Amino acid sequence: MRCRPLAIRPLAISVGLAALLGLAACGGSGGSSSGSAARAPLSDTQRQPAPSASPAGTQESEQDTTKAQISTFALDVDTASYGYARRTLQEGRWPAPGEIRPEEWVNAFGQDYAQPSDDGFAVHVDGARLPGRDEAVLRVGLQTRASDSAARRPANLTFVVDVSGSMAETGRLDLVKSALHKLLDQLAPGDQVSLVAFSDQAEVLASMTPLTARSQLHAAVDELATAGGTNLQSGVLAGYREASQAFRAAATNRVVLLSDGLANQGDTEWRSIVEQVKEYAGKQVTLLTVGVGRDYGDELMEQLADNGDGMAVYVDSEQEAEKVFTTQLPATIEVRARDAKAQVVFNPSVVESYQLIGYENRAMSAEEFRDDSRDGGEIGPGHSVTALYALHLKPGARGQLAQATVRWQDPDTRAASEAGKSLRADELNASIWTGTPVRLQVDVVVAAFAVYLRDRKAFGLDLPALREHAGRLARTSEDPMVAELATLIDKARSVG
């Protein structure tokens, strides 16, 4: 497993920001840890939004700083939760609460953090108060340096494509094939690609082939056709075997799984498949899961990516596929940092309590932060990771509010490094909605919207208030995703 959730003792607070959030997020402490972070499959009843309750299996995680001053979690750059919820809302459906991971929503939006000059992280910490209350939002932003795709090291990419009967739906296999053709045209001559297809069983359509034979790879993609069931286990393991056999120490080695995640043959439990994937992940073969389809096995694809030292994305259109395969993937194939973790230490004389928004299944104990045998997150070049905290401040408190530190390992030497930054209470902006950086406001609206869809509680805001803020921000932001956010809130109002 990537990391273990903490057994957290809830702190009941009847008023304040964190109480309004109603989040089931891991604040991370130095206390004892529990077992698996898995979410059980949701029944049809559980998939319906509850007016005032968190989804089944979650719990409040307000952290009293007199008992838990430290929040620790593995970094994460997944965005699949936002992509799939966007499609669901656009189709007039309310997303299943268990499929909403607020950190993936925030990380789906671009940031404007300054990049570091080296191959490590730049640490950005800021925040803002809620006027008239001793409450605030703290933002911790972590940024890696972007790289020119032409200057990166060569890559060995093994594409594992689901060609089962369910992939025949428009917008599944046809979208995958189009994306693969575009990516093949983007890759460099020093790269190599193999192609594995699976339905009832897996079949290698192209062993590791240099991009100098690009036409052969295009022909292999054209051969993809749907039939049979979904033996995802067979496909994933065949892909890893192919990647392992062709492993190049001087290259980036990655398996890319493209599927709707609806496994119905072989071993369909993610825990069992993960146990087999972990061995390969330890051999520096990372995994990218690309989800497609109206019906989508979110939990399976997300857990495979997390435990395969990779990331999970979801594409629902040609535009999204082009962004992932022709813009993001070629520039971020490399791994900039391995086993990356973040730790935030709060000053109990300033912060009475805190709550981390999201990252439920990334939580770690404080001791695991500098235990380099514990698995963290793999981060590529140009990636940003954002964590938001809801804070309840002590009245009139002054001095250092929090210290944020990121720790990671060099992808080649495994040498560990750290970077950090602190924030004082007087450095908080006076109001979250006035004079605060636009990106911070967008992050708060995105997180609040995600939490509202999951729990019907978010910073004390309802959908009309969220829509008002999103519309205002869309008028001042050049990011089209902010305007899209306003539209999605309208969709939620129409179906909620």
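Being a predicted model, the structure only gives us computed values, none of them experimental.
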Backbone N/O of L466 and side chain of H469: donor-acceptor pair under 3.5 Å: no
Residue pairs passing the ring pair (Phe, Tyr, Trp, His ring centres under 6.0 Å) test where at least one lies in residues 313-339, sequence neighbours excluded: Y84-Y314, Y296-Y314
Pairing residues for D162 by the salt bridge (charged side-chain N to carboxylate O under 4.0 Å, His left out) criterion, not counting sequence neighbours: none
By side-chain contact (heavy atoms from CB on, under 4.5 Å) - contacts of D174 (at least two apart): T170
T268 (side chain) donor-acceptor with A263 (main chain) under 3.5 angstrom: no
Note: D306-R362 ion pair, threshold 4.0 Å (strictly below): yes
Residues forming a side-chain contact (heavy atoms from CB on, under 4.5 Å) with D118, sequence neighbours excluded: P116
Qualifying side-chain hydrogen bond (donor to acceptor under 3.5 Å, both in side chains) pairs, either residue in residues 487-496, two or more places apart: R467-D490
Residues which pass side-chain hydrogen bond (donor to acceptor under 3.5 Å, both in side chains) with Y452, listed by chain and number, not counting sequence neighbours: none
Polar side-chain atom of D78 near backbone of A80 as donor-acceptor pair, under 3.5 Å: no
Donor-acceptor contact below 3.5 Å, side chain W94 vs main chain L453: yes
Contacts of type side-chain hydrogen bond (donor to acceptor under 3.5 Å, both in side chains), residue E334, not counting sequence neighbours: R153
Sidechain-backbone polar pair: T144 side chain, H383 backbone, donor-acceptor under 3.5 Å: yes
Non-hydrogen side-chain atoms of L258 and V160 separated by less than 4.5 Å: no
Donor-acceptor contact below 3.5 Å, side chain T476 vs main chain L473: yes
Listed partners of E169 passing salt bridge (charged side-chain N to carboxylate O under 4.0 Å, His left out), at least two apart: R87, R172
Show the atom names and distances, to 0.1 Å, of all donor-acceptor pairs under 3.5 Å that link a side chain in residues 423-433 to residues at least two apart or in another chain.
residue, atom, partner, partner atom, Å
E427, OE1, R424, N, 2.7
N429, ND2, G127, O, 3.4
S431, OG, W433, N, 3.3

N-O pairing of R336 and D119 below 4.0 Å: yes
Salt bridge (charged side-chain N to carboxylate O under 4.0 Å, His left out) partners of E484, counting only residues at least two apart: R86
Test item: E378 side-chain N/O and D339 main-chain N/O as donor-acceptor pair under 3.5 Å: yes
Pairwise distance OG1(T72) to CD(Q343) - rounded to 0.5 angstrom: 3.5 Å
Whether F109 and Y82 hold their rings parallel, tilted or perpendicular, with breakpoints at 30° and 60°: perpendicular
Donor-acceptor under 3.5 Å (T230 side chain, L232 main chain): no
Test side-chain contact (heavy atoms from CB on, under 4.5 Å) applied to K323 - qualifying residues, sequence neighbours left out: E320, Q328, M481
Electrostatic pair R101:E103 at N-O distance under 4.0 angstrom: no
side-chain contact (heavy atoms from CB on, under 4.5 Å) partners for H181, two or more places apart: H218, V221, D222
Side-chain H-bond candidate by donor/acceptor type, Y354 with S71, under 3.5 Å: no
D191 and R152 ion-paired at < 4.0 Å: yes
Side chain N107, main chain D76, donor-acceptor under 3.5 Å: yes
Side chain to side chain, L388 and L138, heavy atoms closer than 4.5 Å: no
Under 3.5 Å: donor-acceptor pair, side chain of Q441, backbone of T436: yes
Worked verdict on R254 versus T286 for side-chain hydrogen bond (donor to acceptor under 3.5 Å, both in side chains): CA-CA 5 Å; R254 177 168 294 184; T286 59; 3.1 Å; yes
